[in-house]
S.K.: 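I'd like to ask some things about the structure below.
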Number of protein chains: 2
Amino acid sequence: MTVEVHDSEVDIVIAALQPNLTPFFQAWQPFFSRFHVIVVKDPELAAELQIPSGFDVKVYTKSDIDGLLGATSINFSGHSCRYFGYLVSRKKYVISIDDNCLPAKDPAGMTVDAVTQHMVNLKTPATPFFFNTLYDPYRKGADFVRGYPFSLREGVECMLSCGLWLHNADYDPMTHVVKRNQRNTNYVDAVMTVPLGAMLPVSGINVAFNREVLGPVMFPGLRIRKEGNHRWDTLEDIWNGLCAKVVCDSLGYGMKTGLPYVMRSDAEAGKALESLKDWEGVKLMDDVLPFFQSVKLSRNGVSVDGCVKELAGIVREKLAPKNPIFAKAADAMEEWTKLWKSHGAQSA
Amino acid sequence: MTVEVHDSEVDIVIAALQPNLTPFFQAWQPFFSRFHVIVVKDPELAAELQIPSGFDVKVYTKSDIDGLLGATSINFSGHSCRYFGYLVSRKKYVISIDDNCLPAKDPAGMTVDAVTQHMVNLKTPATPFFFNTLYDPYRKGADFVRGYPFSLREGVECMLSCGLWLHNADYDPMTHVVKRNQRNTNYVDAVMTVPLGAMLPVSGINVAFNREVLGPVMFPGLRIRKEGNHRWDTLEDIWNGLCAKVVCDSLGYGMKTGLPYVMRSDAEAGKALESLKDWEGVKLMDDVLPFFQSVKLSRNGVSVDGCVKELAGIVREKLAPKNPIFAKAADAMEEWTKLWKSHGAQSA
């Protein structure tokens, strides 16, 4: 399916966790150059950023974050800095890709245009109420299979598109250490809607969403102690994705996963071993997932903002007693709804 | 992942809706020849079956069905005849493939061994409680992604494997008529567990299951009036799959979809147009799907047999008032649990 993508409706948001962005921008030039690019520099990063010319880029640094937000309970360091970009964007859609990812090639050897694929995912309907065994029914050459109710074939709006990774897959530190030589080479040529009620681990490595609608739930909420700036350290995107999925399910929106792939550079297994020693993520998810699987938002939450406030309250009530990290997550979620109201809830 | 597949644990069940099975058996020879094959001849089919030598085949006909079952409210004609094969099999696993399907080729040009792929699906765990974005985590080169709870990485037993179709996809008569030239050429190289609570349209064209466990729920329950012997006429497998999914969800079992593909021969669009005129399937699914999405079996149902009896009762209560076809389905479901107890619930 082809869709029209206008420059005026998309921002690319890049979190700069390393100073030299030249190879990254050069590789993405064919796909990024027509769009406005928001680079948010990790507030912990001292060195000056290197960004090649030829892009419509605006860089935000620690002083921009501090200047705009003042005192806030949200920690924007490391991978979480990208969420500041979501706040200052004025576009309908945001696409965010980690700075250690380059364009992938599909099995035919063609370079994947991740921007267009994300936009196709977001601009074609999602089908969360019944699984289509041939995957995306709107894709060229596909359709709804026998038994798919006709009343559901219009689909619903897709609000988030979760892309994947070739080469270095998005594993936790344990898996990186145990399978240090494993590389993902399996390009699965499919996009699917994650069914209503099913939870998925959304990765922030390669993601796009409808900022206008979903903005109030696109926050860095869960922050692990001693979180560094490696992906395997973080669960902020996983938590964010679970919150977004619960809200989408509650409001009747869809979420897709599958394409596009990006090519992700090697992990440093030695550093993964360091993280492993006191990584909280192992046990956290055993509390987190059952919570999200069972949480039900009231029918009163008719807006994303309302859903987030309600969800933050339930997190505080049910999860915070188990671990103070969840009380902080609830604080961050509530704080984000205020920040969004003041700074994010505006369109171009 | 490789698994051991013993001849003694698998039956191939083929419903013969056409007399000349020679090309079918010849094409499947490399994959079927080591297994016992149960052929059930459509009771409506008069002509004599042609089956090449070199196979361990047992053919069941109308007189076998009548002789074993006597008077029964279940109609075994057309595609439904295969379920008689499920009843008389004595193996742990059953694989069933429509007689108009031949082995497919994968993108590398290798002929797909559908038997082995189904058995890999059934013998490796399923993961219904959380979606793994890299699909089957047990596949070579894959794993559980970051954020996947470690407590869920053992998975649960997979009870049903739903395969797919290249060339002529499994569409309803409307889609066959409207898109008469559309062929499915997209080989998606992935197997996934359908999440807990998510419903899918299981196709009987290319399916495998654990007969010992799931047998009591593998029945031809829903029968459309004027159902012919074209796939697009039927919803018996869709209904069956929804029942099986609800039972699996209730008992903590998994169900997978994706691989293997089979190559399916062309539909006859002219005949699809005939079916279209009074096909009940269009409206039926608008009642059926919401029912299955909301049905909850009690915790008392600790066996598949118990779940089916309970489910039949709920069908009778909630769906039968809308359409007498559902009362007949409930009758068939209850009848099947009796037939299974008398004839099916035995292993080799």
Side-chain angles (χ1 to χ4, degrees), chain A residues 107 129-135 139 141-152 162 164 169-172 174-175 179 182-190 192 194-203 231-232 234-235 237-239 241-242 257-258 281-283 285-286 288-290 293, chain B residues 107 129-135 139 141-152 162 164 169-172 174-175 179 182-190 192 194-203 231-232 234-235 237-239 241-242 257-258 281-283 285-286 288-290 293:
Chain A
F129 306 118
F130 199 37
F131 188 87
N132 193 49
T133 47
L134 287 183
Y135 313 103
R139 198 171 185 189
D143 211 311
F144 292 95
V145 300
R146 179 172 53 94
Y148 210 102
F150 280 80
S151 58
L152 293 180
C162 175
L164 299 176
D170 187 11
Y171 295 134
D172 49 59
M174 283 68 77
T175 309
K179 297 191 161 181
Q182 176 156 306
R183 298 292 176 266
N184 183 34
T185 57
N186 192 22
Y187 186 105
V188 174
D189 192 13
M192 70 200 69
V194 181
L196 178 73
M199 294 293 125
L200 80 159
V202 171
S203 168
R231 254 300 166 211
W232 59 66
T234 69
L235 282 178
D237 51 349
I238 307 293
W239 176 271
L242 294 169
T257 183
V282 181
K283 277 165 275 162
M285 286 303 293
D286 286 336
V288 166
L289 185 61
Q293 281 170 329
Chain B
F129 306 117
F130 199 36
F131 188 87
N132 193 50
T133 48
L134 286 183
Y135 313 103
R139 198 170 185 189
D143 211 311
F144 291 97
V145 300
R146 179 172 54 93
Y148 210 101
F150 279 80
S151 58
L152 294 179
C162 175
L164 299 176
D170 186 11
Y171 294 134
D172 49 60
M174 283 69 78
T175 309
K179 297 191 162 182
Q182 177 156 305
R183 298 293 177 266
N184 184 33
T185 58
N186 191 22
Y187 185 105
V188 175
D189 190 13
M192 70 201 70
V194 182
L196 177 74
M199 294 292 125
L200 79 160
V202 171
S203 167
R231 254 299 167 211
W232 58 66
T234 69
L235 283 179
D237 52 347
I238 307 291
W239 176 271
L242 293 169
T257 183
V282 181
K283 278 166 273 162
M285 286 304 292
D286 285 337
V288 167
L289 185 61
Q293 281 170 328

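Excluded from the calculations below are hydrogen atoms, water molecules and symmetry mates; all remaining heavy atoms, backbone and side chain alike, are included. Convention: sequence-line order gives letters A, B, ...; per-chain numbering from 1.
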S.K.: On a heavy-atom basis, which atom in B:P149 and which in A:L289 lie closest, and how many Å separate them?
M.R.: CG-CD2, 3.6 Å
S.K.: Given the options A:A190, A:G281, A:A142, which has more heavy-atom pairs under 4.5 Å with chain B than any of the others?
M.R.: A:A142
S.K.: Given 3.5 Å as the limit, does a donor-acceptor pair link the side chain of B:R146 with the main chain of A:I238, or not?
M.R.: no
S.K.: Which pair of non-hydrogen atoms, one from B:F144 and one from A:Y171, has the smallest distance, and what is that distance?
M.R.: O-CD2, 3.2 Å
S.K.: Considering only heavy atoms and a distance below 4.5 Å, find which of A:D170, A:L152, A:V145 pairs most often with chain B.
M.R.: A:D170
S.K.: Among A:V288, A:V282, A:L242, A:T234, which has the most heavy-atom pairs under 4.5 Å with chain B?
M.R.: A:T234
S.K.: Do you know which of A:G147, A:G197, A:G258, A:P107 has the most heavy-atom pairs with chain B at a distance under 4.5 angstrom?
M.R.: A:G147
S.K.: Highest number of heavy-atom pairs under 4.5 Å with chain A: which of B:D286, B:D189, B:T257?
M.R.: B:D286
S.K.: Using a 4.5 angstrom heavy-atom cutoff, name the option from A:L164, A:L235, A:N132 with the most pairs to chain B.
M.R.: A:L164
S.K.: Determine, stepwise, if the pair B:D172 / A:F150 fulfils side-chain contact (heavy atoms from CB on, under 4.5 Å).
M.R.: CA-CA 11 Å; B:D172 49 60; A:F150 280 80; 3.6 Å; yes
S.K.: With sequence neighbours excluded, what pairs up with A:A198 under the side chain to side chain contact (heavy atoms under 4.5 Å, CB included) test?
M.R.: A:V194, A:P195, B:P195
S.K.: What I'd like to find out is whether the side chain of B:Y135 reaches to under 4.5 Å of the side chain of A:M192, using heavy atoms alone.
M.R.: yes
S.K.: So which of A:L196, A:N184, A:T185, A:L134 has the largest heavy-atom pair count under 4.5 angstrom toward chain B?
M.R.: A:L134
S.K.: Which residues pass the salt bridge (charged side-chain N to carboxylate O under 4.0 Å, His left out) test with A:K179, not counting sequence neighbours?
M.R.: B:D143
S.K.: Side chain, backbone, both or neither: which part of A:R183 has a heavy atom under 4.5 Å from chain B?
M.R.: backbone
